[in-house]
Amino acid sequence: MTQQTHPDGPAREHAADDGPAHRYNAARADDIERRWQSVWADRGTFVQPNPGEEGFDASRPKFYCLDMFPYPSGAGLHVGHPEGYTATDIICRYKKMSGFNVLHPMGWDAFGLPAEQYAIQTGVHPAETTRTAIDNFRRQLQRFGFCYDWSREFATIDEDYYRWTQWVFVKIYGSWFDTDAGEGAGRARPIEELVEEFESGKREIRVNPDAAEHDGQVRSRRFGAWASLSEDDRRLVLDSYRLAYLGEQTVNWCPKLGTALANEEVIDGKSERGGYPVFRKPLRQWMFRITAYGTRLLDDLPKLDWPESTRTQQAEWIGRSEGAEVSFELVDGPEGAAGELLVYTTRPDTLFGATYMVVAPEHPLIEAHLSVGAPGADAAELMAYVTSARNRTDVERQESKEKTGVFTGIEAINPLTGDRIPVWCSDYVLMGYGSGAIMAVPAHDERDFEFARAFGLPILDVVLPRTEAVIVRAASVATPAERDDRHWAAFAADLLGLMMSDDDAAPSEFNDRFDWALHLVRTRRSSEQVVAMQTPGSPAADVPGAVGMNRGTTRVVWLDALEELGAATHAATEELFAGRQRAVNRGEAYAAPGVAAYSVRPAEGACVALELDGLATAEAKERATSWLEDAGLGRRKVNYKLRDWLFSRQRYWGEPFPIVFDENGHHHAVSEDSLPVALPALADYQPVESDEPVPLLGKATDWVSTTAGEAGVPGLDETARVTREVNTMPGWAGSCWYYLRYCSPGAGDRFVSLDSERYWMLSPRPGVTRDEALRSGTFDETTQQLGGVDLYVGGAEHAVLHLLYARFWHKVLFDLGEVSTPEPFHKMFHQGLITSYAYQRADRSLVPVDEVEERDGAHVEIATGEHVTQITAKMSKSLRNVVNPDDVIAEFGADTFRLYEMYMGPLEQSKPWDTRAIGGMYKFLQRLWRVVVDEQTGELKIADATDERLDRELHRAVAKVGDDIERLAFNTAIAAMIELVNSATQKLGATGEGTALTREQIEKLALIACPFAPHLAEEVWAKLTAGTDLDGTLASERPWPGYDPAKLVDDEVEIAVQLKGKVKARVTVPANLDQNALQEMVLAMPEVAALIDGLTVRKVIAVPGRLVNIVAT
RNA sequence: GGGCCCGUGGCGGAAUUGGCAGACGCGGCGGAUUUAAAAUCCGCUUCUCGGUGACGGGAGUGAGGGUUCGAGUCCCUCCGGGCCCACCA
């Protein structure tokens, strides 16, 4: 007998059994669920009025709970969608029952590449396929009985919505980032204010020095009075400040998708969508100056209640680093080019060791140099290298980390050593970061080291590794006893351990720190920081006098030190004792006594001497930077990995830009009241696969070519010919602000109504009244919270995409006074992935689930009989383990589905789908039903008398379910209800015909079950209240039930009696005993006395309610 | 290569603050009911040793060590798995 075990195996028969007339089964569930869903819809149960609207209750606190709105695809909902949606549904229902005004909306993220790709495949217009998909998604979501306020539904493709998306773009376009405003952190201001500052002379007229799209030459240009400037010059300056600008930059170009992509959309050098190759290509595109917000996006992260991993990911993506920009003088630089090469470094302290320089293939210096024939280099070779680097995809660039490069023929001068150093060209330097050029310090940078080794460039040590530094120093101070062969290793290792510890008490200067460590080692004081190494068998234990740090570094330090001092280098140690010098690389020598972290060579020809000897890295960096600034050779600089956000796509299915170009090619924003710029209905939306961007909207020639009057461009003559921008916005645009629109989806005069936005987004926090929060502006100093959506649930895959983009838009809107909070999402939660079982052969290849069966408890591939191992994998078509929610609902009902997904495990964890386990939840609901409903008659089964034990369990369940919902632990909440129902079932007796719960108890049970299985709960509630005062009320509208705290504690508790930590007995004692009384009572008990008979009691630990631990020997 | 997270029965998981490990569910085994089956209800189900049995002994949260009266939980090392980032100077 074999058994199918794969998840989507044959339908389970028990789900469709006949049974008694009123049994809870799939047919009944279907009937109940559809009936209550239409009742909720008809009554508008989950319609939440806004402030000022009829039915709005201002006395209630608010709760804004947001789901990531889905991207409606043709495939319909998969089982991952309802996981997060059920979780928020439970919370919202609970919050509503607990007296909150709950905003819980749903809508559709409907513009974007996949819909367009799908349309191209099927030949059906994306507008049509998307609408069909939305209808299907809505039907599926409504079948779950989710408590969305459907009156707030919208799709990002609605003209009424994207009109405002375009409006936000115009706002950002019309803004600049004033780095001096906003208490030093910077703030967006309207561009008109910048013009005023230029006109009045308050601000020097020059190109924005932080603008990534301009090189140093443009940046250093000087301009005359504003009134005297040409239109082109004014635009050059203003555009360099605009937060949305047209910039020629090296971008990610994906020929297969026929569009450019943002950095965030490129993963491992391939497009996030489709996995197609991506090239670097200079293109003129719409960009957002998100880099201007780098500091604020980073600084506000710790104030958010977000998963640590997501905050870390964003912080790393923003990638702030502090360093210096250093100018290197070029020897015989190309004509016309500035005679300097600017680099960015985080280690200005290693400037002594810069033995060559590298520029990116796209660096302007190369272009200029080639244009004059690249003297000093093989011009053909250089040209070939630059060309091939450009034609390589990112994948190809990353495939081999082997360093390639060409000497440019140019030389520069190291300002500290005065050495002439060569300038190379290599693609390991990226044009997009820093200045696209580096000073190479091969001794202390792994990449520079590899490059230097590959091309035979000099390597010069300038930072003495800590370990070496300590050992060298130790050798110079060691007493004869310490130099004793047996003690030397221990002595040096102890010093190392202390030097490398992160102890706060340790001095920061290398020399002081060394003395501190030396003192501790010599006095052998067992302070809190220093504990003896007690590991038997460890190397330390064999070394006399060993002292180690009880820290993570101990063992590492030890092994390092022993290796350092062991067989390999013992001879070198001997040399140190002899006071001989230690050679390093090119024959440079460290001074023997007093050697510390740094070794400095005299700076031949340098104007000022830079002394770094003995400094720790942080201090050396600081001193080097100051020196550079004093010498006029560089400046302090903060850099970000974050690049400006490429915002245009050459595709059809997206929001058109509200931008036109006049006959001079100047861009103009469309006026607010001319919005929306409607997407033209293109019949031919086939993309053109090309090496050059061919925006599809170009095909709509009538639409593209229009007049200023037609397009609604203020400041131009009505009849002036203008051309529309033919790029479209990326799929992210609509999701950047949808959570705001939900606050007032119908608002016609504003993107969101002021009052609604303030109410739903600016939450009063615990201890702060709403009025106080409003008065204090936006930031709540007391709780350090920034307001925003109270709970946002969605996948972790958006950590650096949607969640970063939305924060950026929100901050701009905040700066402009359009929204009241600096952050959009206060609390973020990621639901885990729902995976599925799959099977793996011995060679790790995968087998689809339907080709595997279970024989004698082992999984076997049917075709070959080969044993396979069960693993978990992402659901995929090829593994044939995708589960369709519609099928599951048809077989068990939505309540069972909801319960099952919530019961699988912690919400944030990824969990495998197990079709067999669904039956468990189905049976639970059947039992719950049977406990209160007579399966023969359909009448309620109401007990006359309260069973005290059962009542305690009920109160406990009420308390636990409420607590567990608050902390999003739905699995344990459900377990508590199962336990209660199981107890009640037992009370029914063997025949199942008895009664278990009183009317009041059934009420409570129905109410706590309501957030989880709302349809079943309503049905029970309706039966219960028929003919009473509450007739016609809904369970969903009732308050969350209370419980009696007195019923949570028992009079007596069973505690464990431990003897030396081992449980030896269990005794029952009164629950209210304090520690002393408990100890006395337990020790006096005969069974305990027997335990300790003949032993001496050394110590007794009594923990009331838990245990008594007796230490006796 | 770097960062983050996780290892608990045959499986999913529970143990909220360092205090009786394995709640609850799946699967499995046994029983009641039934002409029979399904469904339902009840019981058992970490491993191991001893005992016909009620029961008793021992071990046990990836491995090893540490702190503690007491460790799944805290610290260290190692092993295994997952996720994210990845030439960012």
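All chains are named by letter (A, B, ...) in the order of the sequence lines, taking the proteins before the strands, and each is independently numbered beginning at 1. Model, not experiment: these values are computed from the prediction.
Nearest nucleotide to the Q313(A) side chain, out of C42(B), C84(B), U16(B): C84(B). Proximity note for W317(A) (side chain, C-beta onward) versus A14(B), C85(B), C26(B): the nearest is C85(B). If you check G25(B), C41(B), A89(B) against the side chain of R930(A), the one that comes closest is C41(B). The side chain of T346(A) sits closest to A89(B) out of A89(B), A86(B), G13(B).
As judged by a 4.0 angstrom heavy-atom cut-off over every strand, D448(A) is placed among residues making no nucleic acid contact. A917(A) comes within 4.0 angstrom of the backbone, heavy atoms only, and of no base. Residue contacts shown for S426(A) are absent, as no nucleic acid heavy atom lies under 4.0 Å away. Across all strands shown, K874(A) has no heavy atoms under 4.0 Å from either base or sugar-phosphate atoms. Contact annotation for R311(A): no contact, since no heavy-atom pair falls under 4.0 Å across all strands.
Distances shorter than 4.0 Å separate none of the side-chain N or O atoms of K911(A) from OP1 or OP2 on G12(B). In terms of phosphate contacts, N982(A) brings a side-chain nitrogen or oxygen within less than 4.0 Å of OP1 or OP2 of G25(B). Regarding contacts with the backbone of A89(B), every side-chain N or O of Y344(A) stays at 4.0 angstrom or more from both OP1 and OP2. Look at K641(A) and you won't find any side-chain N or O under 4.0 angstrom from OP1 or OP2 of A86(B).
G9(B): glycosidic angle within 90° of 0, hence syn.
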Exercise for review: Assess whether salt bridge (charged side-chain N to carboxylate O under 4.0 Å, His left out) is satisfied between K911(A) and E83(A), documenting all intermediate values.
Suggested key: CA-CA 11 Å; K911(A) 307 153 283 248; E83(A) 190 194 9; 2.6 Å; yes

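Taking the charged nitrogens against the carboxylate oxygens, R311(A) and E308(A) do have a contact shorter than 4.0 Å, which makes a salt bridge.
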Please enumerate all protein N or O atoms sitting under 3.5 Å from an N or O of nucleotides 71-74 of chain B, with distances to 0.1 Å.
none

Contact list (N/O, under 3.5 angstrom) for nucleotides 2-11 of chain B vs protein:
unit_1 : atom_1 : unit_2  : atom_2 : d
G3(B)  : O2'    : E316(A) : OE2    : 3.4
C11(B) : O2'    : Y837(A) : OH     : 3.0

Quick one: which protein N/O atoms are closer than 3.5 Å to N/O atoms of nucleotides 19-21 of chain B? Pair and distance per line, please.
unit_1 : atom_1 : unit_2   : atom_2 : d
C20(B) : O2     : R1066(A) : NH1    : 2.0
C20(B) : N4     : E1054(A) : O      : 2.7

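Nucleotides G72(B) and A59(B) are separated by 14 Å at their P atoms, to the nearest Å. A gap of 44 Å separates the C1' atoms of C29(B) and U67(B), to the nearest Å. Nucleotides G51(B) and A32(B), compared at atom P, are 29 Å apart to the nearest Å. When the P atom is compared between A36(B) and G53(B), the two are found 30 Å apart, to the nearest whole Å.
Among the candidates T345(A), T350(A), D349(A), the single residue satisfying the side-chain hydrogen bond (donor to acceptor under 3.5 Å, both in side chains) test with R347(A) is D349(A).
Here the C1' atom of nucleotide C84(B) and the CD atom of E797(A) are 12 Å apart, to the nearest Å. Distance Y356(A) OH to A89(B) P: 16 Å, rounded to the nearest Å. For the pair F328(A) CZ and A89(B) P, the computed distance is 16 Å after rounding to whole Å.
Residue pairs satisfying the salt bridge (Lys or Arg N to Asp or Glu O under 4.0 Å) criterion with at least one member in residues 1100-1113 of chain A, sequence neighbours excluded, are absent.
Looking at N25(A) and Y922(A), their side chains never bring a donor and an acceptor atom within 3.5 Å of each other. A donor-acceptor contact closer than 3.5 angstrom links the side chains of N982(A) and R927(A). Judged by distance alone, the side chains of T1068(A) and E1054(A) never bring a donor and an acceptor atom under 3.5 Å apart.
For the pair K1064(A) and I918(A), nearest-nucleotide mapping onto RNA chain B gives the more 5' position to I918(A). Nearest-nucleotide mapping onto RNA chain B: of I974(A) and N639(A), the residue sitting toward the 5' end is I974(A).
Between W913(A) and Y900(A), a ring centre-to-centre spacing shorter than 6.0 Å is recorded. Close placement of the W424(A) and F451(A) rings is indicated, their centers lying within 6.0 Å of each other.
Closest approach of Q936(A) to P20(A), counting heavy atoms only: NE2-CB, 3.7 Å. Nearest heavy-atom pair, F892(A) versus A29(A), reported as atom, atom and distance to 0.1 Å: O-CB, 4.0 Å.
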Review point. Which dot-bracket notation, 5' to 3', represents the base pairing of RNA chain B when pairs are defined as Watson-Crick or G-U with both distances under 3.5 Å, crossing pairs as [ ], and inter-strand pairs as |?
Key: (((((((..(((......[....)))((((((.......))))))(((((....)))))..(((((..]....))))))))))))....

Donor-acceptor contacts under 3.5 Å from residues 429-438 of chain A side chains, at least two apart:
unit_1  : atom_1 : unit_2  : atom_2 : d
Y433(A) : OH     : S321(A) : OG     : 3.1
S435(A) : OG     : L342(A) : O      : 2.5

